[in-house]
Amino acid sequence: MHFQHLPDGRGWHFWSVLILLVSVGLVATFRTSGGVAEDMYRAVVRNGVIDLQQWDARHTIPLDGEWQVFCRLDGAHLSLPSGDALVPDGTLRVPGLWNASSVCRQGNDNRPAGFGAITYRMVVHLPGNVPQLTLQIPQILSASRVWVDGHVVSQSGTPGLRAGNETPRTLLNQLVSIEPGHSTLTLAVEVSNHFHFEGGILGSVLVGAHDDLWQALEFRLVFDAGVLGALLILAFYIAAFGVTTHSRGWGWLLVLIIFLAARLGCTSGLLTRMFPSLSATFLYRLEYLTIYMSWPIYFRLLWEFFPGCLHRFAGRFIQVSAAMGCLLTILTPVALFTRFRDVSILFLICSAWYYTWCVVRAIRNKETSAEILGLGVVIFITCVLHDGMMYAHWWRYGTDLAPLGGLMLLFFHIIILGQRFVASLSHVRILSNDLALLNASLEAQVSERTQQIEQTLAELHRAKDRAENDARNKDRFLAHLSHEVRTPLNAIFGMTSLMLRDGPREDQRRRLELMRFEGAGLVRLLDDVLDMSSLETARIEIVHVPFNLENLCARFADVMVERCAEKGLGFTREFDFLPTAISGDPTRLHQLLGNVLDNALKFTKTGSVRFVVRAWRRGPGVWEVVFELTNTGPGIPPHVLNRVFDEFVRGPDTEFVPGSGLGLAIVSRLAVAMGGRVSLDNIEGGSRFTFTLPLREAGAIPVGATQDALTPRAGLSVLLVEDTPENRLVMLEMLVPYGMNIVVAASGAEALSQLEDGYFDVMLLDMVLPDMPGEDVARHVRASVDATTAAMPIIAVTANVMGPDIVRYRVSGINETVAKPVSFDVLLSTIAGLCGGDMRRGADTSDAGFSIAAEMPVFAAACRECLSEIRDAMANEDGERIRRVAHRMRGSAPVFGFAGLGRIAMDVEKVLCADPARLDVAHHLMVALEATITRVTPAEQTLSGKVVT
């Protein structure tokens with residue numbers, strides 16, 4: 001509400017209300033002052049005597065003037081009529097203090113002014129036949145006792161000549177009734193003060209009609225109690241309002257109301273009447289604390305309303321001053337902090353004028369509701385000034401109006417809070433409407449965005465499914481590729497090795513060596529593809545076994561010497577001090593070195609290769625080993641150097657250099673998987689490849705770990721579980737010359753049956769069998785009741801050697817895995833490692849020749865068996881059985897020179913894998929089998945040889 005916005009523009013009603021409220025306050029002040037202005041008869045006490053014989057007893061009169069004083073506490077004698085002849089020590093004015101008087105001071109008395117004990121005395125001459133009169137004893141500081149005609153009529157505390165004998169008491173107005181019939185009253189008031197700064201009678205002793213004085217006292221009590229109750233109710237509503245609306249400033253207003261209520265309870269005597277046991281010291285401290293604390297709290301309240309109209313420096317000054325006053329009040333005796341009463345009053349007046357100026361500034365700045373607050377401030381300042389003059393004894397009559405003024409000021413603050421709350425509600429309604437519109441717009445946008453996100457998520461899910469499906473297809477393809485390539489390669493490598501062992505002619509040896517070399521390249525390519533797949537999916541397994549690093553590097557250097565000599569290259573090596581017992585993966589380390597060497601030899605046509613190994617301790621039990629391989633090749637082109645470790649990256653001059661482009665990519669990823677790092681840079685006269693690996697020290701290396709590969713000991717009993725006849729034939733040709741006793745099983749069930757009949761030292765197990773997987777066979781063995789059989793070593797001889805496959809094999813109880821095509825040395829070393837061996841080679845095998853033509857009857861019998869099995873499956877409509885026959889033929893036929901039959905078997909297997917009901921494709925395989933049997937039969941009839949079963 002802005003008064004200056006009214007039509008007349010003058011705000012006349014503002015000043016009208018102000019004048020009305022000030023008038024009401026003055027009337028209340030006069031009404032509660034005791035009605036002295038209405039007295040028709042005025043008298044003054046002179047030298048302790050007042051003559052009221054002409055007084056109209058219907059009116060109240062103050063007994064002000066010069067009272068006799070005696071420097072002792074003797075009201076019992078001084079109040080007797082016979083005491084008129086006593087000589088007083090002096091006179092003091094009542095009401096007033098004895099602080100500035102020299103009465104009752106003795107010699108070098110250094111006591112604070114106002115301390116001591118005296119007795120006031122006066123004689124009142126009353127008119128005849130007066131009705132019952134009443135004396136009103138005012139508030140007397142410290143302790144007092146009132147005597148009338150030798151009798152105690154009122155007491156507040158216990159007066160004493162010394163501080164130890166005094167019991168101070170809170171100030172109270174007391175009424176004393178006087179029986180009618182007295183013509184003269186002798187009044188004595190004993191007063192002692194040993195703890196307050198001021199000493200004396202601070203109010204007028206009133207005498208008047210009983211009803212008038214009681215009515216005035218009751219009016220004052222009701223007035224003070226009403227103001228106190230209003231403040232407490234107001235505090236309750238402010239707290240409820242603030243908690244429910246979360247408006248600003250309500251907390252400071254609530255605290256201010258509580259302080260004003262506490263001050264009113266102290267100054268009005270209401271707390272003393274309600275709680276008589278409260279000490280005067282506590283009430284004095286509480287009163288002064290409320291005075292000091294109210295003003296900084298009010299500063300915070302005004303700051304919430306008009307922050308731009310107040311100064312932070314002024315606020316800090318008020319807060320510091322109030323804090324000093326509070327500490328003085330709490331920590332010092334009453335006699336000390338009450339000496340600063342005038343200073344506190346000055347502080348109140350200055351703060352009041354500052355706040356008034358701030359409110360005027362807010363009005364000039366046209367702040368919201370500033371005019372209403374200005375009205376309240378004027379009323380409150382008037383009341384404060386009135387009380388200040390009364391406390392400073394500049395104004396004799398009146399009552400404490402500060403609580404009433406504070407109540408009016410708080411009422412105006414509440415009006416401001418209400419207006420701001422209503423304005424906030426209006427603003428909230430506006431914001432709610434805007435929020436509703438914005439919410440509707442946002443909901444539309446969210447709905448649209450949600451649809452887009454759902455579509456995107458659906459696409460992402462489809463892409464994820466496609467990626468996972470592609471990954472599964474890739475794994476299946478690689479596993480299938482590994483199995484289908486390694487199976488025939490096993491037979492090819494086996495046959496080639498056996499033919500080389502039979503002493504062929506020189507031209508035949510060169511052809512067989514070339515065939516074995518190219519087959520080895522095919523195996524390396526297959527290994528690179530499988531290793532790359534495992535590295536991409538983080539499925540490569542790095543083992544940690546103890547090995548001799550120096551021996552490994554020396555053996556690799558020996559290989560490098562031979563390979564460099566084949567190309568006419570020089571070779572040098574340099575080994576620093578190398579640790580012997582190291583824990584790591586020697587197989588992977590050898591693969592790293594081999595790939596690097598292959599890369600160096602490919603591009604180095606002349607010059608030399610240098611191999612350097614250095615090692616130093618990086619920490620307790622940890623070595624850092626650096627491998628360097630330097631060659632004198634053409635170097636790496638700059639545009640290729642940064643991508644040389646990527647897959648299939650080749651330089652512009654390497655189109656005709658053999659290789660898959662995966663070697664260095666595998667080296668980089670293997671080194672990272674082993675915790676190391678790699679680099680390749682050009683140097684003067686060639687290039688240098690460096691890789692660094694952290695390796696831990698190991699304990700003692702197991703016996704045989706650093707020796708050359710062992711051969712199995714003679715007389716081993718071996719159970720060979722292989723379903724393909726040609727692979728059985730190759731394995732027999734490999735193992736029989738080494739003095740092993742071999743029993744063959746073509747299926748899992750047959751193998752388990754053989755185990756029930758006898759003991760075997762080791763089992764060579766194919767993982768793809770016609771009746772059950774190889775893992776199931778291994779589990780049956782490990783679960784055997786015979787402890788010896790359950791502990792029998794099992795070696796998986798399979799084409800499925802990817803990382804997950806090997807993990808499955810180990811879980812099922814298989815000890816080692818040998819990949820197809822089988823290497824003689826690897827297989828023999830694996831058997832020797834599990835079953836024991838020695839350094840001697842096996843028996844002389846010069847007459848253990850092998851010929852494909854000699855073994856044609858075996859293949860012919862296999863073809864007849866397969867043809868019969870297909871016919872039975874056709875009769876029973878068993879497509880899965882036909883697929884297994886096709887799988888068997890696709891691996892066996894190429895070994896014996898029937899590649900066409902192998903291709904037909906592969907096509908039949910693919911069709912039946914997709915649709916087992918396509919039995920018609922079996923006719924193509926049956927025709928091919930019949931043609932093969934026709935071709936093989938003449939040779940079978942004319943050839944003679946040993947048939948192995």
Verdict with reasoning, His924 to Asp907, per side chain to side chain contact (heavy atoms under 4.5 Å, CB included): CA-CA 10 Å; His924 301 286; Asp907 294 339; over 6 Å; no
Look up atom CD1 in Ile257 and atom CD1 in Ile233, then write down how far apart they are to the nearest 0.5 Å. 11.5 Å
Side chain to side chain contact (heavy atoms under 4.5 Å, CB included) for Trp303 and Phe299? Distances and angles first, verdict last. CA-CA 6 Å; Trp303 183 271; Phe299 180 88; 4.2 Å; yes
Separation between CZ (Phe259) and CE (Met293), nearest 0.5 Å, reads 4.5 Å
Looking at every non-hydrogen atom in both residues, tell me the closest pair between Cys309 and Ala362 and how far apart they are. SG-CA, 3.5 Å
Pairing donors with acceptors under 3.5 angstrom, does anything connect the side chains of Arg316 and Gln319? no
In terms of heavy-atom contacts, Val777 and Gly748 come closest through CG2-CA, 3.8 Å
When you compare the side chain of Leu629 with that of Phe691, does any pair of heavy atoms fall below 4.5 Å? no
Please confirm whether the backbone N or O of Val911 pairs with a side-chain atom of Asp915, one donor and one acceptor, at under 3.5 Å? no
Grab the two heavy atoms, one from Ala239 and one from Leu254, that are nearest each other, plus how far apart they are. CB-CD2, 4.0 Å
Within the 4.5 Å heavy-atom criterion, are Arg884 and Arg881 side-chain neighbours or not? yes
From CG (Leu437) to OG (Ser432), nearest 0.5 Å: 11.0 Å
Side chain of Thr456, backbone of Gln452: donor and acceptor closer than 3.5 Å? yes
To the nearest 0.5 Å, what is the distance between CZ on Arg779 and CD1 on Ile814? 8.5 Å
For the student: nearest non-hydrogen atoms of Gly676 and Leu693, plus distance: CA-CD2, 4.0 Å
Kindly indicate whether the side chain of Ile882, heavy atoms from C-beta on, has any atom under 4.5 Å from the side chain of Asp878. no
Interatomic distance, CE@Met767 vs CG@Asp776, rounded to 0.5 Å, equals 9.0 Å
Nearest-0.5 Å distance, OH of residue Tyr809 to OG1 of residue Thr798: 4.0 Å
Applying side chain to side chain contact (heavy atoms under 4.5 Å, CB included), run through Arg449 and Val446 and close with a yes or a no. CA-CA 5 Å; Arg449 185 62 178 166; Val446 169; 5.6 Å; no
Does atom CZ of Arg696 have more than 12 heavy-atom neighbours from other groups under 6.0 Å away? no
Considering non-hydrogen atoms only, spot the tightest contact between Leu919 and Gly879 and give its length. CD2-CA, 3.6 Å
Where do Ser294 and Leu256 come nearest, in terms of heavy atoms and distance? O-CD1, 3.6 Å
Is there a side chain to side chain contact (heavy atoms under 4.5 Å, CB included) between Phe317 and His311 once you walk through the steps? CA-CA 10 Å; Phe317 176 76; His311 302 82; over 6 Å; no
Closer than 3.5 angstrom, by distance alone: can the side chain of Arg883 be matched with the main-chain N or O of Leu912 as a donor-acceptor pair? no
